[in-house]
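Notes follow the structure.
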Amino acid sequence: MKRKQIAIIVAGLIISALLAVISIYLTGIGVILVIVLAMSFQIFEDSYLLTDLAVVLSGNAKKITVINRGNTTILNIVVSLIPLDMEFKVPELAVEGKFTYELQQMIHEAKAMVEFEDRKGTKFSKSFDLSALHDNDDVLKPMFPIFGWKEK
């Protein structure tokens, strides 16, 4: 956590301790509020500089779209299509940005292996199953990955 956040939590604990003079119940309420505040700071850190990339196949099976669904710019994106033996690169993708790659012919099924990095230089790798016949969205995926939720 950042220094300001730690200072706020410590100040809350001190105020909670001072409330013990008035009432033990007020102390308990203060401690609970400080715990909730600390958890909120932790959730905020989990969603800060989030790299969430998606690769989808268009309805006509001739276009592959790379979408940045995170909240930071993604750099050096390399998409490999297996078993089509194709590869294309995207130098940079801004927040909520999209890049569309036109294919020569329609594809029935393929796997897209994506390698990319964030602004810090951390490298990531993901794979996506692309199919013209099936929709592969995960219904149970949360809106933003909290508490370290990972994709399969």
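Remember, predicted model here, so these are calculated numbers, not experimental data.
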Q. Heavy atoms, side chains only, cut-off 4.5 Å: are Lys126 and Asp52 in contact?
A. yes

Q: Look at the side-chain heavy atoms of Ile, Leu, Val, Met, Phe, Trp and Tyr, link any pair under 4.5 Å apart, and say whether Leu26 and Leu18 land in one connected group.
A: no

Q. When rounded to the nearest 0.5 angstrom, what is the spacing between CZ in Phe44 and NZ in Lys2?
A. 6.0 Å

Q) For the residue pair Val55 and Ala112, what are the closest heavy atoms and their distance? A) CG1-CB, 4.0 Å

Q.
Would you say Met113 ends up clustered with Val56 if hydrophobic residues are merged whenever their side chains have heavy atoms under 4.5 Å apart, either directly or through other cluster members?
A. no

Q) At their closest point, which heavy atom of Gln104 faces which heavy atom of Lys62, and how far apart are they? A) O-CE, 4.5 Å

Q | Minimum-distance pair of heavy atoms, taken over all atoms of Ser16 and Val34 | A | OG-CG2, 4.2 Å

Q. Nearest heavy-atom pair of Leu93 and Asn68: which atoms, and what distance?
A. O-ND2, 3.1 Å

**Q.** Cluster link Leu19 to Leu13, ILVMFWY, side chain under 4.5 Å
**A.** no

**Q.** Greater than 12 external heavy atoms within 6.0 Å of Asp85's CG
**A.** no

Q. Can you check whether Phe41 reaches Ile9 side chain to side chain, under 4.5 Å on heavy atoms?
A. yes

Q.
Check for me, please, whether Leu103 and Val90 land in the same ILVMFWY cluster - side-chain distances under 4.5 Å, paths through other members count.
A. yes

Q) Roughly how far, to the nearest 0.5 Å, is CG of Leu84 from CD of Gln105? A) 7.5 Å

**Q.** Side-chain donor-acceptor contact under 3.5 Å, Glu87 with Ser80
**A.** yes

Q: Drop me the distance from Ile32's CD1 to Leu37's CG, to the nearest 0.5 angstrom.
A: 13.5 Å

Q) Rounded to the nearest 0.5 Å, what separation is found between the OG1 atom of Thr65 and the NZ atom of Lys98? A) 7.0 Å

Q | Co-membership, hydrophobic cluster, residues Phe99 and Val114, 4.5 Å side-chain | A | yes

Q) Quick one: are Tyr101 and Val66 in side-chain contact, heavy atoms under 4.5 Å? A) no

Q: Look up atom CZ in Arg69 and atom CD in Glu96, then write down how far apart they are to the nearest 0.5 Å.
A: 11.5 Å

Q) Looking at side-chain heavy atoms only, is the closest gap between Leu81 and Val79 below 4.5 Å? A) yes

Q) How long is the span from the CD atom in Glu115 to the CG atom in Leu53, to the nearest 0.5 Å? A) 12.0 Å

